[in-house]
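Below is one structure; the comments refer to it alone.
Lettering of chains follows the sequences in order, A, B, ..., and the numbering in each one begins at 1. What you see is a predicted model; the values in this text were computed from it and never measured.
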2 protein chains.
Amino acid sequence: MGSGSRSVGRDIPDSTVARLPLYLRALVDLAATGERTVSSEALAEATGLTSAKVRKDLSNVGSYGTRGIGYDAASLIHEIRRVLGLTQHWAILIAGVGNLGRALAHYKGFAERGFRVAALVDVDPDKVGLRLDELEIRPIGELETLAARDEIAIGVIATPATAAQDVADRMVAAGIRSILNFAPAVVTVESGVTVRRVDLATELQILAYYDQRNAESLEEPGSSRDASAGS
Amino acid sequence: MGSGSRSVGRDIPDSTVARLPLYLRALVDLAATGERTVSSEALAEATGLTSAKVRKDLSNVGSYGTRGIGYDAASLIHEIRRVLGLTQHWAILIAGVGNLGRALAHYKGFAERGFRVAALVDVDPDKVGLRLDELEIRPIGELETLAARDEIAIGVIATPATAAQDVADRMVAAGIRSILNFAPAVVTVESGVTVRRVDLATELQILAYYDQRNAESLEEPGSSRDASAGS
DNA sequence: CAATGTGAAGACCTTCACAGCC
DNA sequence: GGCTGTGAAGGTCTTCACATTG
């Protein structure tokens with residue numbers, strides 16, 4: 001699985017890639033408060049990680065730190081953006097305009113980070129033609145046309161589980177190679193297409209496990225479990 | 001932070017715990033189609049994992065398989081439910097009734113898996129008093145009272161980033177020890193409280209990285225990246 | 001001297017391969 | 001014969017500790 005591919009671009013470990021957005025956000029916040037340089041310790045504080053991890057991660061992106069001083073915030077922000085590919089804007093298509101699809105379509109955080117919801121599709125004829133903000137919901141059959149017209153790079157599946165595979169197939173057929181799947185279903189795609197799954201109920205179930213587990217041992221405070229979801 | 005704690009209950013690796021909900025769903029689906037027994041190969045197929053991983057994971061829960069036959073679906077479902085703590089029902093409270101909070105409140109998948117949205121709170125006085133289905137939105141000041149009254153086990157943060165820490169503090173003060181944070185912010189909590197973060201924009205940024213990376217190497221099909229969201 | 005960058009050690013996770021059992 | 005369960009091997013990720021450097 002890990003690929004291997006000795007492509008030219010520096011090879012950054014998956015675990016590091018998953019944390020880069022976190023550093024980016026922390027850096028932007030810190031820069032907004034006027035900080036010019038940031039230490040690994042300060043970044044660790046802001047992200048809830050350890051300073052060693054921060055340094056290892058940043059050294060993987062080919063870092064811009066200065067010993068005795070820290071990292072230049074502006075350079076680091078620029079560098080992480082470049083590595084993540086955020087210097088370009090990305091158009092996304094959302095399939096399934098139910099509660100979740102609507103929430104995603106309205107979500108401000110996407111636009112703030114360079115992602116634009118450029119198309120919405122749904123199977124339900126009653127929904128087709130409706131507008132969400134300025135975007136008109138189109139029938140799912142137009143997915144391929146829309147993907148080409150709007151140069152969609154990322155497809156978001158926000159349909160019920162039963163429709164997920166069909167939608168994924170259409171996305172892949174339309175040339176989309178990155179899919180974010182919110183449906184509680186596993187979709188299989190051809191090699192070369194990346195799928196990330198976000199499963200809301202699964203997250204609760206994992207929490208339930210640790211909750212139960214901590215409740216069982218009433219002794220020691222034990223270890224506080226940390227954020228994750230990524231990885 | 002792997003804890004260590006030699007508590008009585010069998011110690012299940014985090015990576016396995018993160019996949020148990022996936023197995024559970026696959027098993028329930030397979031059982032619904034009439035399958036009485038399931039092989040690790042079939043489960044691997046249904047979940048997009050490898051059969052070796054499936055067997056290792058299931059052996060961690062103290063498995064109910066039979067050599068030469070496979071796993072008894074019903075027993076395994078029961079066992080995984082027990083391990084995850086899903087034999088009891090869990091009441092959850094959602095803080096922040098914006099687009100995302102509303103979508104979560106309506107989400108059918110929670111109820112289907114034993115989670116009940118029992119309370120909604122928001123700071124906005126215009127929203128307080130409104131009903132979502134049968135639930136009335138209450139002011140955030142009542143969080144502590146509601147948590148006690150409804151025996152809330154899990155708190156969901158669906159507020160803007162700026163409010164996240166305050167809400168988390170209130171949840172912890174109210175005795176909630178499991179938090180699912182959708183706000184794009186890191187919240188810090190005392191030891192003993194578990195926080196999981198689900199960050200929508202982060203997921204897109206990670207996809208952007210792999211998309212860009214795959215696009216750079218036009219040669220080899222390369223490796224298809226797999227679902228994750230867990231670690 | 002303060003803070004980065006990094007080998008080396010250690011923990012954790014995955015994959016392999018096959019013994020063991022039905 | 002078929003499939004589980006698991007030691008052992010191989011990776012990946014994290015942590016440690018310190019040499020290095022502005």
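Distances shorter than 4.0 Å separate some side-chain N or O of Lys53(B) from OP1 or OP2 on dT15(C). Distances shown here put a side-chain N or O of Tyr71(A) below 4.0 Å from the OP1 or OP2 atom of dG5(C). Note on Tyr64(A): every side-chain N or O is 4.0 Å or more away from OP1 and OP2 of dT4(C). Phosphate proximity of dG22(D) to Thr66(A): absent, as no side-chain N or O sits under 4.0 Å from OP1 or OP2. Put simply, Arg55(B) has no side-chain N or O that comes within less than 4.0 Å of OP1 or OP2 on dG2(D). Proximity of Ser15(B) to the phosphate of dC12(C): no side-chain N or O atom is located under 4.0 Å from OP1 or OP2. When the side-chain nitrogen and oxygen atoms of Ser39(A) are compared with OP1 and OP2 of dA3(C), none of them lie within a distance under 4.0 Å. For dT15(C), the OP1/OP2 oxygens have a side-chain nitrogen or oxygen of Thr50(B) closer than 4.0 Å.
Atoms CG (Leu58(B)) and P (dT4(D)) sit 9 Å apart, rounded to a whole Å. Here the P atom of nucleotide dG5(D) and the CD atom of Glu79(B) are 12 Å apart, to the nearest Å. Rounded to a whole Å, the CG atom of Leu49(B) is 14 Å from the P atom of dC16(C). Rounded to whole Å, the distance from CG on Asp14(A) to C1' on dT12(D) is 9 Å. In this structure, the CZ atom of Arg67(B) is 14 Å from the P atom of dC3(D), given to the nearest Å. A straight line from CG of Asn60(A) to C1' of dT12(D) spans 12 Å, rounded to a whole angstrom. To the nearest angstrom, C1' of dC3(D) lies 13 Å from CG of Leu43(B). Put simply, CG on Asp72(A) is 14 Å from C1' on dT4(C), counting in whole angstrom units.
Heavy-atom contacts from other residues, nucleotides or ligands closer than 6.0 Å to CD of Gln165(B) number more than 12.
Position along DNA chain C of the nearest nucleotide to Gly68(A) versus Ala52(A) favours Gly68(A) as the more 5'-ward residue. Take the nearest nucleotide of DNA chain D for Ile69(A) and for Arg19(A): the residue whose nucleotide is more 5' is Arg19(A).
If you check distances only, the side chain of Lys56(B) never reaches the base of dT6(D) with a donor-acceptor pair under 3.5 Å.
A salt bridge links Arg170(B) with Asp166(B): the distance from a Lys NZ or Arg NE/NH1/NH2 to an Asp or Glu carboxylate oxygen falls below 4.0 Å. A salt bridge is absent between Asp14(A) and Arg19(A): the closest approach of a Lys/Arg side-chain nitrogen to an acidic carboxylate oxygen does not fall below 4.0 angstrom. Look at Glu216(A) and Arg213(A) and you find no salt bridge, because none of the NZ, NE, NH1 or NH2 atoms lies under 4.0 Å from a carboxylate O.
Arg113(B) places a side-chain N or O within 3.5 Å of a backbone atom of Gly109(B) that can act as its donor or acceptor partner.
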